[in-house]
Structures are given as structure tokens and as C-alpha cells.
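Per chain, numbering begins at 1; letters A, B, ... match sequence-line order. Below, all heavy atoms of this structure are taken into account, side chains as well, without hydrogens, waters or symmetry copies.
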Protein chains: 2
Amino acid sequence: MPQISTPYHHGDLRAALIDAGLDLARTGGPDAVRVREVTRAAGVSPASAYRHFADHRALLVAVALGSQDLLAQAMRERISSLVADASGTQEQAVARLRGVGLGYIDFALAEPGWFALALLTFDPAGAAAPSVTVAHEVPPPFQLLIDALDGCVTAGVLSAEGRVNAEWPCWSAVHGFADIATRGPLQGQDAPTLAALGVHVVDRIVAGVRSR
Amino acid sequence: MPQISTPYHHGDLRAALIDAGLDLARTGGPDAVRVREVTRAAGVSPASAYRHFADHRALLVAVALGSQDLLAQAMRERISSLVADASGTQEQAVARLRGVGLGYIDFALAEPGWFALALLTFDPAGAAAPSVTVAHEVPPPFQLLIDALDGCVTAGVLSAEGRVNAEWPCWSAVHGFADIATRGPLQGQDAPTLAALGVHVVDRIVAGVRSR
DNA sequence: CTAGCATGTGAACACCGTTCACATTGCCGA
DNA sequence: TCGGCAATGTGAACGGTGTTCACATGCTAG
């Protein structure tokens with residue numbers, strides 16, 4: 001975690017506030033990360049948060065970046081086991097593409113609170129870029145998708161023509177399903193059903209992108 | 001609009017509050033429909049809202065149902081011009097399916113505030129079913145998708161095997177793109193680009209569902 | 001050792017959702 | 001016709017929120 005300010009009175013507030021925010025968001029979603037609750041959980045005064053964050057939105061974005069890291073980490077672990085498998089590159093490439101989508105969906109189903117919070121990170125209006133240029137220029141989860149699609153091109157399962165703008169159908173389908181399953185009409189369905197539907201969605205969109 | 005209570009003092013508050021809520025939500029999204037603001041816009045005391053709605057959530061759901069109707073209406077108008085076209089039933093069926101998806105996307109892009117509000121309707125935890133059984137059992141926009149897919153089966157462009165659970169890939173892709181374009185990284189992109197990407201997403205998911 | 005500054009605090013303000021006793025108004029039966 | 005009743009609207013209040021500001025505290029550079 002990029003931490004510049006040296007610990008003074010507390011030790012490292014800012015980090016402690018972000019951790020408390022992650023705890024609250026895990027069960028309560030984005031609405032649960034409130035200035036007063038977070039500072040209360042950290043055993044500190046509400047006003048102290050404003051020494052480290054400009055306002056409530058800045059705190060929210062900081063916690064959201066944390067949950068986005070968790071999402072990216074879960075996706076990487078999901079596909080790491082596949083890359084170790086040294087089978088044919090064609091199958092491997094599409095397996096990685098599927099793994100990216102399924103990792104995204106699995107994380108959303110397993111941690112809906114964190115997932116809903118991570119979505120705030122994709123909103124450019126909210127993610128204030130600190131001064132110059134920064135990491136998080138393109139969100140890590142999205143970068144994993146781009147890499148997987150590029151891998152499909154080099155492996156020959158996707159033509160150069162089929163590659164252009166392929167990110168959006170893929171991300172749309174996977175993200176849309178995660179949203180529907182998490183906050184929409186599929187909410188509360190049993191886990192096996194949701195997992196099966198998730199696989200179905202990924203299979204259909206991969207087929208659609210390849211059919212070109 | 002289902003309106004049971006007879007107008008007493010005001011004329012028809014409830015309806016006036018819902019209208020005011022729609023006005024506020026159009027520019028400000030779901031967060032803008034607040035009890036105090038809505039009653040203020042209607043020129044009435046904040047407490048008066050509680051004669052017609054149990055709490056803030058109930059008011060929000062009522063306004064969301066209104067915006068959902070607007071969404072369904074926009075989608076119907078989008079496909080109505082296609083049904084008039086008496087060409088081959090195969091092309092007609094897939095054109096209707098595409099029209100449903102594009103109507104959904106176009107509405108989201110044209111009215112992001114209303115669209116974000118309409119999403120609340122798909123959440124079963126929020127849409128309180130008044131007593132027995134009701135309309136809105138399955139949301140009208142979703143019903144349009146189901147009908148379009150069934151039409152593809154009868155027209156022969158979709159096998160019975162390919163039809164099962166086809167709603168979810170379709171809705172996921174279209175809804176996911178609408179969400180990404182509205183609140184995500186595509187937010188603020190110019191309209192022609194978004195429209196072209198929307199067409200691309202719809203084309204890919206339709207191809208994916210047909211390829212089975 | 002001391003001056004200065006980063007950090008944490010307590011109280012206050014405005015806004016929000018919500019409740020409650022009370023005022024107003026239309027309707028319906030005697 | 002008229003009186004009462006129930007439905008509707010009101011003003012003030014309570015607890016919660018984000019946010020600010022003067023003030024207290026304690027590390028650290030010189």
C-alpha cells in the first residue's frame with residue numbers, strides 16, 4: 001500500500017481507517033462505510049478522518065481501491081492455476097479468458113459487499129487521480145481481461161479484426177451478470193444455480209466474440 | 001397508474017410526489033429523490049409523505065416503478081416500428097431481439113438518471129409486493145426480452161436447447177454495457193462512440209446465443 | 001531544548017429520515 | 001341539515017449523518 005505520511009499520534013491512521021472501511025463494507029456494502037462509523041471503529045474522533053481524506057467521497061474511493069485490489073488478486077489466483085497447465089496454447093488462451101470472467105463473477109458472488117464497492121473505482125468521476133499520472137490508470141481487473149484477449153490473438157483463436165473492441169462485450173456480459181446476481185432478480189438464488197448460470201453467460205459471450 | 005386513495009386536501013398527493021420524484025431523479029439519479037426534497041417540490045410538509053408511503057424506501061420504489069414504465073415504453077416504441085415491417089419471420093425475430101437490447105441501451109444513455117432508478121425495481125428485496133399477487137411480478141422490460149427470445153424459437157432461429165436460460169446472457173450483456181456506459185469507465189464518452197459500442201455488444205451476444 | 005507543524009478533539013452547523021400530537025378538511029349517516 | 005369521524009396535512013422535535021473550526025497534543029527538525 002502506498003503510504004507516504006509518517007505515523008504521528010496514532011500509528012498509521014489512514015491505513016487503519018481504510019481497514020475499518022473494508023471490514024464495514026464486507027457485510028454492509030458501500031453504504032456502510034460512513035465517516036462516523038469508520039472513525040468509531042478505529043477508536044478515533046470523526047473529525048480526524050479529515051486530516052487524511054478531503055471528504056467522505058475520498059475515503060470511499062480509498063476503500064474502494066482496496067477492495068478492487070482484492071478483486072484483482074482473486075482473479076489472478078483463479079487464472080494462475082491455469083497458466084501452470086502446459087497444454088496447447090489455443091485451449092490455454094481461451095481457458096484464461098474464461099478464467100478471468102469466472103474469477104470476476106466468483107468474487108462478486110463470494111463478496112458482494114466488496115464487489116459493489118470495487119465498482120466505484122471504475123467511475124472516472126470519483127477516482128481522483130493524485131496530481132500527475134498514477135497507477136490505477138486502467139484498473140487491474142480490466143487489465144487482466146485485456147491481457148487474456150491479447151493472448152487469444154497471439155494463440156490464434158481470435159483474429160485481429162475480431163479483437164478490436166472485444167473488451168466491451170466481454171466485460172459487459174460478465175459485469176452485467178455479476179450485478180444481476182448480486183443486486184438484481186437473481187439475488188438470493190442458491191449458489192450452485194448461480195455458478196451454473198455464470199458459466200453459461202461466460203460460455204455464450206466467449207462464443208459470440210470468437211464467431212467473427 | 002394504480003391509484004386507490006381518493007384526493008382529499010391536496011388533490012392527489014402521492015401522484016404529485018411520484019411526479020416530483022421523477023423530475024428530481026431525471027437529473028440527479030436515485031440519490032436525488034429524498035423525502036424532504038420531493039415534498040418541498042410538491043409544496044407540502046415533509047411529514048405529509050408518510051401518509052402515502054411507509055418510509056423513504058417505499059417512496060423510492062414507487063418512483064422507480066414509474067421510471068421502469070418509461071423504460072418499458074421506450075423499448076416498446078423501439079420495436080414497434082420493426083413489427084410493422086412484414087419481412088421474413090427469421091430476420092424479423094432477430095431484429096426484434098436486437099431491438100429489445102438496443103432499446104434498453106438507448107434509454108440508459110438518453111436518461112441515465114431514470115435508468116439508474118429503474119434498476120431498483122429489479123431488486124426483489126426492495127420491491128415490496130402489496131399483499132397478494134400483483135403486476136410487476138416479472139418486470140415489463142424483462143418480459144419483452146423473454147417474448148423476443150420465444151419469438152426466435154418459433155421463427156426457427158433458436159433451437160429449444162439454445163433457448164433455455166438464454167435470458168441471462170442477453171440481459172447480462174445489455175445491462176452490463178448500460179451500466180458501464182452510464183456509471184463506469186465509458187461514462188462521458190461521445191454519443192456516437194457509445195452507440196456503436198452498444199451495437200457491437202448486442203451483435204456479439206446475439207451471435208453467442210445463436211451459436212448453439 | 002525549543003519552535004513549529006502535523007495530527008487528533010469537542011462542539012457546533014446544516015441536512016437527512018422519521019415520529020407525534022395537533023389542526024384542517026371532506027364524507028357519511030342520523 | 002348537521003354533527004361526528006376518519007383521512008389528510010402541519011410544526012416541532014429526535015437521532016443520525018457529513019463537515020468545519022478553534023483548540024489541545026505530541027513528534028521532529030534545527
Side-chain angles (χ1 to χ4, degrees), chain A residues 1-21 23-25 27-64 113 117 120 123 125-126 128 130-131, chain B residues 1-21 23-25 27-64 113 117 120 125-126 128 130:
Chain A
M1 302 144 193
Q3 182 59 30
I4 308 156
S5 65
T6 54
Y8 277 82
H9 297 57
H10 178 273
D12 193 353
L13 210 69
R14 185 183 168 92
L17 294 179
I18 292 179
D19 281 355
D23 276 355
L24 290 169
T27 61
D31 292 347
V33 39
R34 291 191 277 262
V35 176
R36 291 183 116 97
E37 286 240 19
V38 168
T39 52
R40 199 176 304 145
V44 97
S45 157
S48 64
Y50 292 85
R51 298 293 176 190
H52 302 273
F53 303 97
D55 56 0
H56 171 233
R57 177 79 188 179
L59 168 61
L60 202 63
V61 168
V63 182
L117 187 57
L120 290 185
D123 182 357
S131 57
Chain B
M1 305 144 192
Q3 182 58 32
I4 308 158
S5 64
T6 54
Y8 275 82
H9 298 56
H10 177 274
D12 194 352
L13 209 66
R14 186 181 166 92
L17 294 179
I18 292 179
D19 281 355
D23 276 354
L24 291 169
T27 61
D31 292 347
V33 39
R34 292 191 276 261
V35 176
R36 290 182 117 98
E37 286 239 21
V38 169
T39 52
R40 199 176 304 146
V44 97
S45 156
S48 64
Y50 293 84
R51 299 293 176 189
H52 302 273
F53 303 97
D55 55 2
H56 171 233
R57 177 81 187 178
L59 168 62
L60 202 64
V61 168
V63 183
L117 187 57
L120 291 185

On the nucleotide [N], are OP1 or OP2 found under 4.0 Å from the side-chain N or O atoms that [X] carries?
| X | N | answer |
| --- | --- | --- |
| B:H52 | D:dG9 | yes |
| B:R40 | C:dC16 | yes |
| B:R51 | D:dG9 | no |

Would you kindly give the [atom1]-to-[atom2] distance between [X] and [N], to the nearest whole Å?
| X | N | atom1 | atom2 | result |
| --- | --- | --- | --- | --- |
| A:D55 | C:dC15 | CG | P | 18 Å |
| A:D12 | C:dT7 | CG | P | 10 Å |
| A:H56 | D:dG16 | NE2 | P | 17 Å |
| A:F53 | D:dT17 | CZ | C1' | 18 Å |
| B:L60 | C:dG17 | CG | P | 10 Å |

Looking only at heavy atoms, the pair that brings A:V33 and A:V38 closest together is CG2-CG2, 3.9 Å
Can you tell me which stems involve DNA chain C, if a stem is defined as three or more consecutive Watson-Crick or G-U wobble pairs, both distances under 3.5 Å? C:1-30 with D:1-30
Those residues of residues 42-50 of chain A lying under 4.0 Å from DNA chain D by at least one heavy atom: A:A47, A:Y50
Please determine whether any donor N or O and acceptor N or O are separated by less than 3.5 Å between the side chain of B:R36 and the base of C:dG17. yes
Side-chain atoms of residues 39-50 of chain B: list all donor-acceptor pairs with protein atoms under 3.5 Å, sequence neighbours left out, distances to 0.1 Å.
unit_1	atom_1	unit_2	atom_2	d
B:T39	OG1	B:V35	O	2.9
B:T39	OG1	B:R36	O	3.0
B:S45	OG	B:A47	N	3.3
B:S48	OG	B:S45	O	2.5

